[in-house]
2 protein chains.
Amino acid sequence: MPKPEQTVRTLFRFFNEVGIINQLSSRLFETRLPDGFLVSHFTVLNHLTRLGDGRTPMDIATALQVPKTSLTHTLSGLSKAGLIIQEPNPKDARSKCVMLTDAGRQFRADAIAALGPDMMDVAEHFPPERIAEALPLLEEIRAFLDKRRDV
Amino acid sequence: MPKPEQTVRTLFRFFNEVGIINQLSSRLFETRLPDGFLVSHFTVLNHLTRLGDGRTPMDIATALQVPKTSLTHTLSGLSKAGLIIQEPNPKDARSKCVMLTDAGRQFRADAIAALGPDMMDVAEHFPPERIAEALPLLEEIRAFLDKRRDV
DNA sequence: CCTCATTTGTTCGATGTCGTACTATTTAGT
DNA sequence: ACTAAATAGTACGACATCGAACAAATGAGG
């Protein structure tokens, strides 16, 4: 059992690395996206494609862990670009249903294709198995922080 | 050797988890800092404490992987709060030396103390050894993305 | 039904981030 | 030395993020 200070140091380093990796990867992502689009746009399209569209903005904000006011802004950008359509929610008049357009699906596919070479470059230096090994820990920490968030 | 699409999927998940963890941990950090201070402020103070002060803004920006214009803004906040002092750089008149003040060191110590309970809470659910196991991979990926950045 | 609290999404304002353009200084090449 | 290219930091502007306050709608409790 390590000493508490050592433990805290390890955790600080962990979050520090996570922060820098996020910074660098987001920047890389954005250089590959068409001008005017950010990682946040891609993330929403990706989420809707993977888990199905027709979700409410609030659902999406919760899943992606971003404040709803930030998501409003992101969705408005996606709407203006014709990548999604926001329909009224028949179940709840306060709410909306976010639907992907064909252009939205295509945008996501193109983005993934555009990032492919970078991803393969990473994969050449880091065996996917090694990345995959780290995923469970990351997911658990994510879930833990998520649950802890409201406290 | 996994199929390329599977590889890409794994990497996307990895970066996705990293992004959300960063989001959640940054938010948590900031709720523990005094009002008006951000993770970026803490990160600079922490960096200077760990690796020694007297560095130039450019050194710091490179180490933390943030654009120099962002760092200018962060340093100005730290200066206004009296947590650092920017002295002229005797080796290079274009540049400066960023020095920690006692208040700056104290601020960092207080911040770490304020975050201690959260860190210990994480540590209770995730053995530090498990976190430590993941660190080398994170550091390597960080270094890889860093080197690849200019490309 | 009829409040009242809760929830959804937006607007607004403040502020952080970062790219571009600029000045001052240093360094390299001749 | 002298000029040209590179580099440090900043000013500025565009824009993303996010908290607070708000309106509309829902749901819970009487």
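Just so it is clear: chains get the letters A, B, ... in the order the sequence lines come, proteins before strands, and each one is counted from 1.
If you check every strand for non-hydrogen atoms under 4.0 Å, B:Gln23 touches sugar and phosphate atoms only.
Checked by atom type and distance alone, the side chain of B:Thr10 never pairs as donor or acceptor with a backbone atom of A:Ala132 at under 3.5 Å. Side chain of A:Gln65 to backbone of B:Leu24: no donor-acceptor contact under 3.5 angstrom is found. Of the possible polar contacts, none joining the A:Thr56 side chain to the A:Cys97 backbone as a donor-acceptor pair under 3.5 Å is found. For the pair B:Ser25 (side chain) and B:Asn22 (backbone), a donor-acceptor distance under 3.5 Å is present. Counting only distance, with no hydrogens or angles, the side chain of B:His41 and the backbone of B:Leu38 share a donor-acceptor pair below 3.5 Å.
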Nucleotide N/O to protein N/O under 3.5 Å, stretch nucleotides 14-16 of chain D:
from: D:dA16; atom 1: OP2; to: A:His73; atom 2: NE2; distance (Å): 2.9

Nucleotide N/O of nucleotides 7-10 of chain D paired with protein N/O under 3.5 Å:
from: D:dT7; atom 1: O2; to: B:Arg94; atom 2: NH1; distance (Å): 2.6
from: D:dA8; atom 1: O3'; to: B:Ser95; atom 2: OG; distance (Å): 3.2
from: D:dG9; atom 1: OP1; to: B:Pro57; atom 2: N; distance (Å): 3.4
from: D:dG9; atom 1: OP1; to: B:Ser95; atom 2: OG; distance (Å): 2.8
from: D:dG9; atom 1: OP1; to: B:Lys96; atom 2: N; distance (Å): 3.3
from: D:dG9; atom 1: OP2; to: B:Met58; atom 2: N; distance (Å): 2.7
from: D:dG9; atom 1: N7; to: B:Lys68; atom 2: NZ; distance (Å): 2.9
from: D:dG9; atom 1: O6; to: B:Lys68; atom 2: NZ; distance (Å): 3.2
from: D:dT10; atom 1: OP1; to: B:Lys96; atom 2: NZ; distance (Å): 2.4
from: D:dT10; atom 1: OP2; to: B:Thr72; atom 2: OG1; distance (Å): 3.3

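Ring orientation note: the planes of B:Phe144 and A:His125 are tilted relative to one another, at an angle of 30° to 60°. Ring geometry for A:Phe12 versus B:Phe42: interplanar angle of 30 to 60°, hence tilted.
Where DNA chain C meets chain B (any atom under 4.0 Å from a heavy atom), the bounding nucleotides read 5' to 3' are C:dG16 to C:dT26.
A residue-by-residue look at A:Val66 and A:Lys91 shows that A:Val66 has its nearest nucleotide of DNA chain D further toward the 5' end.
Contact of the B:Met58 side chain with the B:Ser95 side chain is not registered, since no non-hydrogen atoms from C-beta on lie closer than 4.5 Å.
Of all the heavy atoms in B:Gln86 and B:Ser79, the pair that sits closest is NE2-OG, 3.2 Å.
Within 6.0 Å of CZ on B:Arg13 lie no more than 12 heavy atoms contributed by other residues, nucleotides or ligands.
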